[in-house]
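Structure record follows, encoded as structure tokens.
Basis for what follows: all heavy atoms, side chains included, without hydrogens, waters or symmetry-related copies. Letters A, B, ... mirror the listed sequences (proteins, then strands); counts begin at 1.
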2 protein chains.
Amino acid sequence: MNTLLRTIIYLCLFAFEVAYAQEVINSPNGNLQLRFELSDKGEPVYQLSYKDKKVIIPSRLGLELHKSPALMEGFKQLSAETALVDTVWYPVWGQESQIRDNYRELMILLSQPKVKNRQMRLRFRLFDDGLGFRYEFPKQDILSHFVIREERSEFALTDDHRMYWIPGDYDTNEYPYTFCRISEMDSLQSEATIFIQDQWPIKNLSTQTPLMMKTDNGLYINIHEAALADYPAMCLDVDSRTKVLRSHLVPDAAGNKGYMQTECSTPWRTIVVSDKATDILASRLILNLNEPCAYEDVSWIKPIKYIGVWWEYFLGLSKWSYTTSNNVRLDTDYSKLKPHGMHGATTDNVKKYIDFAAEHGFDAVLVEGWNIGWERYSFIWKNDNFDYVTPYPDFDVQALRDYAASKGVKIMMHHETASSVANYERRLDKAFQFMVENGYNSVKTGYVGAIVPRGEHHDSQWMVGHYEYVVRKAAEYKIMVNSHEAVRPTGLCRTYPNWLAQESARGTEFESISENGNHPSHTCILPFTRLMGGPMDYTPGILETDISSFGKKKNRRVHTTLAKQLALYMVMYTPLQMAADIPENYMKYKDAFQFIKEVPVDWERSLYLEAEPGEYITVARKAKAKDAWFVGGITGENSRIAMISFDFLSPSQKYIATIYADGSDAHWDTNPKAYKITTRMVTSKTKIQQYLAPGGGFAMSLKPVKR
Amino acid sequence: MNTLLRTIIYLCLFAFEVAYAQEVINSPNGNLQLRFELSDKGEPVYQLSYKDKKVIIPSRLGLELHKSPALMEGFKQLSAETALVDTVWYPVWGQESQIRDNYRELMILLSQPKVKNRQMRLRFRLFDDGLGFRYEFPKQDILSHFVIREERSEFALTDDHRMYWIPGDYDTNEYPYTFCRISEMDSLQSEATIFIQDQWPIKNLSTQTPLMMKTDNGLYINIHEAALADYPAMCLDVDSRTKVLRSHLVPDAAGNKGYMQTECSTPWRTIVVSDKATDILASRLILNLNEPCAYEDVSWIKPIKYIGVWWEYFLGLSKWSYTTSNNVRLDTDYSKLKPHGMHGATTDNVKKYIDFAAEHGFDAVLVEGWNIGWERYSFIWKNDNFDYVTPYPDFDVQALRDYAASKGVKIMMHHETASSVANYERRLDKAFQFMVENGYNSVKTGYVGAIVPRGEHHDSQWMVGHYEYVVRKAAEYKIMVNSHEAVRPTGLCRTYPNWLAQESARGTEFESISENGNHPSHTCILPFTRLMGGPMDYTPGILETDISSFGKKKNRRVHTTLAKQLALYMVMYTPLQMAADIPENYMKYKDAFQFIKEVPVDWERSLYLEAEPGEYITVARKAKAKDAWFVGGITGENSRIAMISFDFLSPSQKYIATIYADGSDAHWDTNPKAYKITTRMVTSKTKIQQYLAPGGGFAMSLKPVKR
């Protein structure tokens with residue numbers, strides 16, 4: 001029986017037999033409609049529409065279990081409950097100072113009569129901007145512990161949508177995006193799956209989430225998950241013929257995909273949908289589906305703007321390592337080794353960065369390569385690679401602690417684990433204690449390479465648990481976390497606001513690591529994909545776009561204009577924002593640097609004015625607790641005119657706008673550094689047509705004119 | 001070219017060409033001879049003889065590497081060095097108060113000209129009672145980190161020896177022993193591989209070490225390893241046709257068998273050999289091949305005789321768990337659950353054990369089932385199963401701490417991990433801190449079930465590292481360790497003497513767990529196999545041999561006579577000795593119990609008087625720092641007469657011997673509890689013919705008569 005026919009029959013039955021009814025709920029404003037039914041085999045089936053356009057056509061839900069009958073069919077419905085929720089909450093930091101959580105909930109209780117009436121709940125939350133649903137497993141005598149072999153959540157699409165996707169992979173999310181039709185994905189899979197160290201691409205056609213889609217009938221659809229905890233991350237297998245996406249969880253060494261104990265639930269599966277692309281970016285559905293803040297005291301959690309001993313490594317000016325030896329151990333006496341003279345994290349160099357941070361108002365200085373072990377640390381599955389407490393001989397922990405304190409600057413700790421996670425967990429308490437003793441209040445963690453415990457993946461259940469463990473343990477020490485190469489975020493920063501940001505996508509570093517770098521469209525898609533789950537430490541602000549000019553890296557460049565680097569501070573929201581370039585380069589462009597110094601990292605309001613996935617984004621934001629607005633916009637390969645209407649400003653207030661824009665002859669490829677800075681007066685009635693060069697952008701700061 | 005022919009050719013070459021010479025060394029007393037040569041392919045080849053009888057005929061040595069040419073052939077010999085060592089060392093505890101370490105060493109430095117002159121050393125140590133050899137990997141630019149795919153150490157045997165073996169397995173060593181010829185092993189493999197929960201038997205024919213063998217020409221040969229650290233345990237693949245044994249390391253999830261960084265080495269491969277079975281038991285070769293004690297202060301390490309809230313669980317009298325729920329968590333409030341009333345580790349019950357321990361001179365009381373989580377803890381790969389600090393509501397930690405202290409008795413901590421090792425490591429520091437705060441100075445650890453990190457095995461490199469990590473961390477807290485279900489020991493207790501004992505074999509518990517129990521010959525083979533690596537917590541002393549008499553366990557019995565249970569305290573050496581039966585049973589047999597109360601757990605000298613693998617063992621031991629001797633003997637299925645000549649006693653001293661022996665009509669099967677206790681005077685001239693019933697044994701204490 002095809003699903004359309006079945007739907008019709010059920011709709012007919014509805015008139016006669018309540019037991020076979022579809023459950024139907026509408027979102028608070030009525031734009032979205034969710035229908036739920038059981039198929040004739042007792043399979044849970046849902047469908048979703050937006051303003052009468054189909055978003056998801058009938059799709060099955062269920063799970064395969066290990067050595068136990070599947071939770072996929074043979075269900076009968078015991079009850080259905082609905083509720084309407086409308087509340088407001090106040091994030092510790094964010095794009096807004098308050099967030100409305102408004103949805104209609106449908107909770108379906110199912111049982112399997114042939115499996116001793118084993119029960120499962122499906123909980124749907126229908127917002128005005130999308131749907132969240134999850135599986136819940138009530139505590140019950142016949143189901144206390146179970147193992148998931150696969151989750152079988154379907155997302156049946158209506159047509160051959162445009163997809164903005166990266167390949168499904170168990171270990172990395174640092175792929176460049178591919179834009180194509182579903183029907184083209186098969187032929188592009190191989191090309192999309194570029195080589196990345198220690199990658200583990202799924203063999204069949206699959207994609208990671210957040211997955212962005214656009215339909216020919218004008219819908220924008222985003223599929224992801226929320227509140228991923230104690231469960232593997234979800235990829236989506238793609239059937240390019242039927243246009244059905246199907247959940248594909250990341251397995252462990254035994255091929256298992258979730259060790260569960262009732263009462264428990266899966267993460268939320270999320271479908272954000274609108275006929276306006278800007279609504280996708282403005283959606284807070286994923287945050288709303290996460291649990292409230294787990295901490296009573298959040299006074300120690302503060303957004304951070306920082307610089308770092310970092311980009312100089314990518315320019316080839318210095319190195320993480322201290323010696324040329326490729327054979328060192330944690331008990332190696334480095335003071336007896338000959339330094340190669342290129343070590344970046346020296347006391348003197350860090351002091352210069354501290355001076356620069358203090359002078360220009362940065363909160364912190366990240367220092368990578370301060371601790372012993374960098375000579376040979378990754379891609380060898382080495383267990384005891386770092387101890388997180390022993391500095392290189394030329395890095396004076398105490399002197400720098402005192403120096404930083406005297407300048408009112410924090411040093412940001414760096415814990416590169418090289419994915420030796422077992423080793424990291426053994427040393428975690430001491431590492432955090434060391435931080436507290438030496439004045440560090442934030443840590444950048446790193447997970448380069450293959451995971452130890454061997455057999456686990458970056459995105460498997462155990463590792464998902466590890467990242468959460470680190471963040472919770474960090475909170476015990478009042479430490480904020482910025483995790484790199486960790487599983488993609490799913491809004492857990494609401495629950496753990498000390499998890500300021502993550503990398504979990506292809507960041508600026510690839511402009512140096514790879515010749516192809518990041519395509520000009522890359523940052524025009526990231527807010528629609530990676531950033532749906534939470535802030536990204538993209539590390540923008542590379543004003544000297546010509547990496548090769550430093551002589552150490554050939555054929556390397558940043559694939560944006562200089563002005564677009566400024567605009568990224570507006571478009572790529574994060575409460576942990578780096579000014580990634582080296583101080584010398586900022587001194588070359590002091591006037592442009594002024595925007596980076598001024599731009600806030602915490603906001604009262606955010607308004608997405610224009611957006612198209614992979615093409616352009618324009619956003620306006622109001623600083624938190626200050627009457628100051630900032631506007632930024634970026635474009636992909638094509639130049640464009642951003643249309644900005646300032647009607648969001650206070651009607652009675654005039655503002656001085658400082659506009660950092662591409663020069664009229666700017667071009668990311670041929671003339672990236674042509675920029676101009678102008679000022680003008682704006683009011684709520686002002687409209688500006690702002691030019692963006694190919695691969696370009698603009699940034700504006702608006703300060704109220706004092707009356 | 002067959003190896004014999006090759007040997008002959010090389011022997012001929014010897015006369016003409018020194019470069020092609022075999023290296024030959026003899027043991028200090030000349031009984032053993034080792035020959036080393038390179039084959040025509042440049043393969044390292046060794047052979048071993050004992051008093052001109054061949055023990056190992058030419059056998060190759062080498063290793064396969066991951067993504068790198070093998071370290072197996074193409075070698076040339078750069079140098080050969082010999083040394084003679086003769087020293088004495090003093091163990092913290094042991095069968096002797098001093099141990100002689102006397103060997104001739106041969107160190108061969110090899111290089112592979114076709115692999116950039118990559119170097120490897122082979123170090124042989126030839127003792128009068130056997131051979132140890134290992135691979136060493138010098139620090140070198142072209143070999144800093146490497147991964148072993150398999151070790152290829154061969155042990156080519158001369159004939160169809162008698163084997164005393166258990167199947168090769170990555171996760172358990174709790175098999176019963178099979179006695180047969182090599183040629184019979186194939187047909188017995190399936191029968192030998194009985195079902196054990198979470199076992200992982202090797203599919204091809206293989207055996208674990210220590211492997212005991214007996215040759216038709218009168219040699220006893222034992223193969224094992226020494227100083228297993230940061231390397232997987234070794235099984236031996238068996239080619240029953242060629243009679244060649246070949247190393248088979250326990251893999252990780254990726255099939256890798258060792259992550260190595262130069263300078264480093266493998267564990268020692270050991271071959272203990274003699275024409276007297278007693279020499280095998282008296283050999284300290286494995287201890288000698290381990291590193292000296294790693295601790296400066298060992299004053300806190302003391303042998304322990306203990307009882308425990310333990311056997312009552314195996315009798316069905318009480319339970320580890322507190323409630324009938326099979327669905328509890330670490331945050332479950334047990335005080336709100338209904339107890340099932342069978343919980344064993346209650347404050348009152350433990351007090352009774354403490355009273356009993358104090359009254360009868362035991363050092364400690366093991367308490368299992370004191371902490372929450374036992375309701376459903378194993379065989380479900382549960383991660384967060386125990387926290388090691390939260391007692392059940394009816395176990396009062398503070399009250400028992402104070403009560404035990406007032407009685408001069410220690411409580412022995414129990415950390416059942418159920419193999420959730422990642423969870424255990426996260427909680428280890430807090431668990432040990434909890435112990436220190438509550439007066440515990442020893443811990444029994446347990447590793448039931450499949451390992452988390454999933455994909456690791458009980459005997460894989462990472463787990464081998466874990467056990468060592470726990471023992472070293474325990475030492476930081478001055479805690480002694482008794483590990484159960486851990487990798488079989490290899491003499492590391494010399495280096496870490498707080499590692500008092502391990503289980504790592506089929507212990508007394510199987511008399512209750514399985515209907516077959518432990519065969520009467522079982523404890524006659526264990527000293528030749530499992531105990532070669534170190535002390536075993538076998539938990540003897542079950543005087544009430546009829547387990548079924550308690551009504552909860554049908555068809556269960558101990559497969560020994562009562563007197564043999566006493567004899568096990570003599571034969572199964574360990575510094576951590578349990579009196580495993582319940583106090584009530586000891587009160588039924590107070591006179592026999594007297595021996596358990598008196599028998600020391602630390603010795604000045606040990607003399608193995610008679611032995612035959614699987615058949616019988618008779619040993620005499622002198623208590624440490626006291627003029628008191630003890631003698632014990634056991635037999636397997638057959639009755640026998642032990643011939644004891646007391647010529648080891650001081651010639652001028654008379655002793656009162658108390659003899660605990662089988663009754664004349666005793667039989668392990670039909671009349672196990674028939675015993676008699678007699679006393680007599682003995683001197684150095686006395687000879688006693690002591691009867692042992694089928695499955696029986698005897699124990700004697702000799703106290704000097706005061707003059």
Side-chain angles (χ1 to χ4, degrees), chain A residues 66-67 138-147 230 251-256 258-264 324-330 375-385 420-423 425-430 450-457 460-463 465-466 469 473, chain B residues 66-67 138-147 230 251-256 258-264 324-330 375-385 420-423 425-430 450-457 460-463 465-466 469 473:
Chain A
H66 179 60
K67 294 186 178 173
K139 196 167 177 175
Q140 50 198 303
D141 286 347
I142 55 155
L143 193 67
S144 64
H145 298 77
F146 62 101
V147 177
D230 200 15
D252 70 359
N256 289 326
Y259 299 83
M260 311 291 283
Q261 178 177 358
T262 59
E263 165 101 44
C264 58
T324 52
S325 169
N326 69 349
N327 190 347
V328 293
R329 295 171 185 272
L330 292 176
E375 280 70 15
R376 183 98 189 264
Y377 67 99
S378 70
F379 310 125
I380 45 175
W381 264 4
K382 186 172 175 173
N383 195 27
D384 280 331
N385 48 5
S420 286
V421 178
N423 172 61
E425 290 206 359
R426 282 183 181 175
R427 300 175 186 276
L428 198 54
D429 268 299
K430 279 195 179 146
I451 301 291
V452 186
R454 300 172 186 106
E456 293 291 346
H457 293 289
S460 60
Q461 183 187 27
W462 193 85
M463 281 302 297
H466 164 79
Y469 174 74
K473 168 98 37 197
Chain B
H66 178 61
K67 293 187 179 172
K139 194 167 178 175
Q140 49 198 303
D141 287 346
I142 55 155
L143 193 67
S144 63
H145 298 77
F146 62 102
V147 176
D230 199 14
D252 70 1
N256 290 326
Y259 299 83
M260 311 290 283
Q261 178 178 1
T262 61
E263 164 104 45
C264 59
T324 52
S325 169
N326 70 348
N327 190 346
V328 292
R329 294 171 187 271
L330 292 176
E375 281 70 15
R376 184 98 189 262
Y377 67 99
S378 69
F379 310 125
I380 45 174
W381 264 3
K382 186 172 174 172
N383 194 28
D384 280 332
N385 48 6
S420 287
V421 178
N423 173 60
E425 290 206 359
R426 282 183 181 174
R427 300 174 186 277
L428 197 55
D429 268 298
K430 278 195 179 147
I451 301 291
V452 186
R454 302 173 185 105
E456 293 291 346
H457 293 289
S460 59
Q461 183 187 26
W462 193 85
M463 281 302 297
H466 163 79
Y469 175 73
K473 169 96 38 194

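- Comparing B:Glu456, B:Arg376, B:His466 by heavy-atom pairs within less than 4.5 Å of chain A, the highest count is held by B:Arg376.
- Heavy-atom distances place no part of B:Ser325 under 4.5 Å from chain A, backbone and side chain included.
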Exercise for review: Decide side chain to side chain contact (heavy atoms under 4.5 Å, CB included) for B:Asn327 and A:Lys139; before the verdict, give the C-alpha distance in whole Å, the side-chain angles of both, and the deciding distance to 0.1 Å.
Suggested key: CA-CA 8 Å; B:Asn327 190 346; A:Lys139 196 167 177 175; 3.4 Å; yes
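- For the set B:Asp429, B:Asp252, B:Thr262, the entry with the most heavy-atom pairs within less than 4.5 Å of chain A is B:Thr262.
- A:Tyr259 approaches B:Ile380 most closely through the heavy-atom pair CD2-O, 4.1 Å.
- A donor-acceptor pair under 3.5 Å is absent between the side-chain atoms of B:Arg426 and the main chain of A:Tyr469, judged by distance alone.
- Partners of B:Asp141 under the side-chain contact (heavy atoms from CB on, under 4.5 Å) rule, at least two apart in sequence or in another chain, do not exist in this structure.
- Of the inter-residue distances, the one linking B:Arg454 atom CZ with A:Ser460 atom OG reads 9.0 Å to the nearest 0.5 angstrom.
- Summarising the geometry of A:Ala253 relative to B:Gly455, their closest heavy-atom pair is CB-CA, 3.7 Å, with the distance given to 0.1 Å.
- Top candidate by heavy-atom pairs under 4.5 Å with chain A, chosen from B:Gln461, B:Lys473, B:Glu263, B:Met260, is B:Glu263.
- Using a 4.5 Å cut-off between heavy atoms, B:Asn383 touches chain A through its side chain atoms alone.
- Remark: B:Asn385 CG to A:His145 NE2 distance equals 9.0 Å, nearest 0.5 Å.
- Residue B:Gln261 touches chain A through both its backbone and its side chain, counting heavy-atom pairs closer than 4.5 Å.
- Looking at A:Asn326, the atoms closer than 4.5 Å to chain B (heavy atoms on both sides) sit in the backbone and in the side chain alike.
- Heavy atoms closer than 4.5 Å to chain B are found in the side chain of A:Glu425, but not in its backbone.
- Residue B:Val452 touches chain A through its side chain alone, counting heavy-atom pairs closer than 4.5 Å.
- There is no contact between A:His66 and chain B, counting heavy-atom distances below 4.5 Å.
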